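Model, not experiment: these values are computed from the prediction. Computed over heavy atoms, backbone and side chain alike; hydrogens, waters and symmetry mates excluded. As the structure lists them, so they are numbered: ligands from 1, and atoms in each ligand from 1.
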Amino acid sequence: MDNQQIANTFQEIGDLLEIDGANRFRVLAYQNAAENIRGLGHELKEIWRDNPDELESLPGIGEDLRLKIEEMLNTGVCQFHLKLLKKYGRGLLDVLAVRSIGPKKAALFYHQLKIDSLDKLKKAALSHQLCQLPRMGEKSEAEILRAIEEHAKYSHRMLLSEALPLAEQIVTHLRRLKEVAKVEYAGSLRRRRETVGDLDILAAPRRPADAAAIIAHFQKFPLVKNVIASGPTKCSVILESGAQSDLRVVEKRSFGAALHYFTGSKDHNIEIRTHAQKVGKKINEYGIFDLSEKDKNGHPVEKFIVGDTEEKFYRAVGLPWIPPTLRETRGEFQAAMHGELPVPVELPDLTTDLNVNSSYGDGKSSIAELLRAAGAQGLSCLAIADTFSSGELPTLFDANKLRQQLDEIDALNRQHGNNGKNKKAPSPTHPLLLKSLKLSINTDGTLDLSPADLLKRLDFLIVKINHSFNLTEPRQTARLIKALSAHPKVKILSCPNARLLNEREGIAVNMTKIIVHCANHKQYLEINSQPNRLDLTDTQIKLAIEKKAGLCVNSDALDAQQLEFLQYGVWTAQRGWAEKKHLLNTQPPLKLLESLLS
Ligand code: DGT
Ligand code: CA
Ligand code: CA
């Protein structure tokens, strides 16, 4: 078992214990252990193998939890977990997986109405039984119904960040087999879609006779739960996580054509195939065929032209290679025909991350740790943007904390020679820190803008919606425009749709209006890189570029490691046709500051 599986087991034990009415500290112990294990840099399996005693020195792991970890590493299961699951059933975990239902509500529903499945939950909500329970009302009942619908709609698609490591593990597993000449993942994952339905893998054997060995080896991938279909060149399996993976084995000479075919999108394939027909060629997953020769009966003879690489494949129909992130029939074919394909922005083009959280706010890492990680990733500038007040809740705005934070940033900048006086440009070895603040937008669009003396010290402000997600479109649009206009330092709109993938739909908002407003006021829409947000969406990014609105890709990192999420934001930017020149945070820091402050 890997850390993720052990952490999930502890999480489920904690949740089920809470429903069971266990002592709060016991529940917390499991929940904390789960969280700590998720954040561990090393595999428990390896720590345990190297030195079993070390397990207990990990944060939050006492003797009892150590024994359970050992049990899982030895046997692959935890009996206590199974016992709880037997008592309450998996259905209760499904109930818990619905947004807005935590263990407390699940316990209430279970004990009062015997709800232990999504089905029963939905029935109880539809027959208005939920709203009669203590601390529940019609509003929260309606919210639960909405959440159940979203859950049903999305739960079968993986986040890109969940799909990618699984596919990489499968690819690595297949590469180890000596009979494999080529292997690659394809499908929506290769196009970097925000969510992925299944994992499409493509392999080519060294010799055609080796296909069977590849299929057999695929089935031995350790995370395969069951094989649902298997033939001489195809195989489909279900993995432990519930995800499906489809393997196709093709000959080496067809690998590029098959990679193109299985990368999709389906509509892109159709567009390319139609174009090929117009120029007298036939394409399919095996290659490109010339049809100009005829046999003695006048029927076209298929002559194989090429198929081993995608580049040659596109070239054979007179097109340049189109990056997978663009293959969505959003104009890429016409652009390719006219030599006007965008050059997609790449991760190394970023100089700056304009939105990270520190341990002064919701983040886990210190500013110094964040700065080090940013430099290590090649960034030369980092804006710290914590949220201190969640707006409209009893205000927790902690002016002293912010003052302390700004002092620390000033000190670190001095230490790196970035005190504003020197002419040396900030670099990954001497990164510049910027001072920002993420303000939660009130329902009426106002911002909590006190205290004024601290506001003066900030370089710029970020605004974001953290609550009141269900306003009508006109109100939500007016709310965002009001917030963007509330103070001259407001420069960035973070998470413009306020969506959570697989959990919460975006707000109803006229995004065109917001984009035009930002274009007219030199404000920037964020492409948030958190894998469960990826917000702006690809099509909105494309629209923003067309309307000449400013854009930036930010990690919104909650710890130093999450700066790596920038890759997901960059992929989303690529899908929106963003080039280096379209993003604020590809500019050198001093130029960026100039653009931002002008
Ligand atoms: P997903 O899995 O729902 O996230 O999306 P995809 O795009 O990975 O779709 P999937 O797994 O059904 O199929 C993988 C690729 O195979 C798809 O992008 C294009 C290709 N493909 C599948 N079915 C057809 C088809 O009927 N016609 C054509 N031209 N291509 C197809
Ligand atoms: Ca797929
Ligand atoms: Ca598939």
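- The atom of D198 that is an N, O or S and sits closest to the Ca ion (ligand 3) is OD2.
- Taking the six-membered ring where tryptophan is involved, the planes of F313 and H260 are tilted, since the angle between them lies from 30° to 60°.
- For ligand 1, none of its N or O atoms has an N or O atom of T195 under 3.5 Å away.
- N528 and Q530 form no side-chain donor-acceptor contact under 3.5 Å, judged by distance and modelled atom types alone.
- Near R157, meaning under 4.0 Å from one of its heavy atoms, ligand 1 places the atoms 1 (P), 3 (O), 4 (O).
- At a threshold of 4.5 Å between non-hydrogen side-chain atoms, the residues R504 and R146 do not count as touching.
- A side-chain N or O of N497 and one of Q540 form a donor-acceptor pair less than 3.5 Å apart.
- Checked against the Ca ion (ligand 3), the N, O or S atom of D200 at the shortest distance is OD1.
- Comparing heavy-atom distances from atom 27 (N) of ligand 1 across R248, K266, E194 singles out K266 as nearest.
- Atoms of ligand 1 lying under 4.0 Å from at least one heavy atom of G264, given by number and element, are 17 (C), 18 (O), 19 (C).
- For ligand 1, the atoms closer than 4.0 angstrom to any heavy atom of F262 are 14 (C), 15 (C), 16 (O).
- For ligand 1, the polar-atom distance check against S265 finds no nitrogen or oxygen pair separated by under 3.5 Å.
- Considering both main-chain and side-chain atoms, R193 never comes within under 3.5 Å of ligand 1 through any nitrogen or oxygen pair.
- Residue contact check: V196 has heavy atoms under 4.0 Å from atoms 4 (O) of ligand 1.
- Which parts of ligand 1 touch G187 is read off a 4.0 Å heavy-atom cut-off, strictly below it: atoms 8 (O).
- For a distance bound of 3.0 Å, the N, O or S atoms of D246 include none lying that close to the Ca ion (ligand 2).
- A salt bridge links E310 to R327: one of the charged nitrogens lies within less than 4.0 Å of a carboxylate oxygen.
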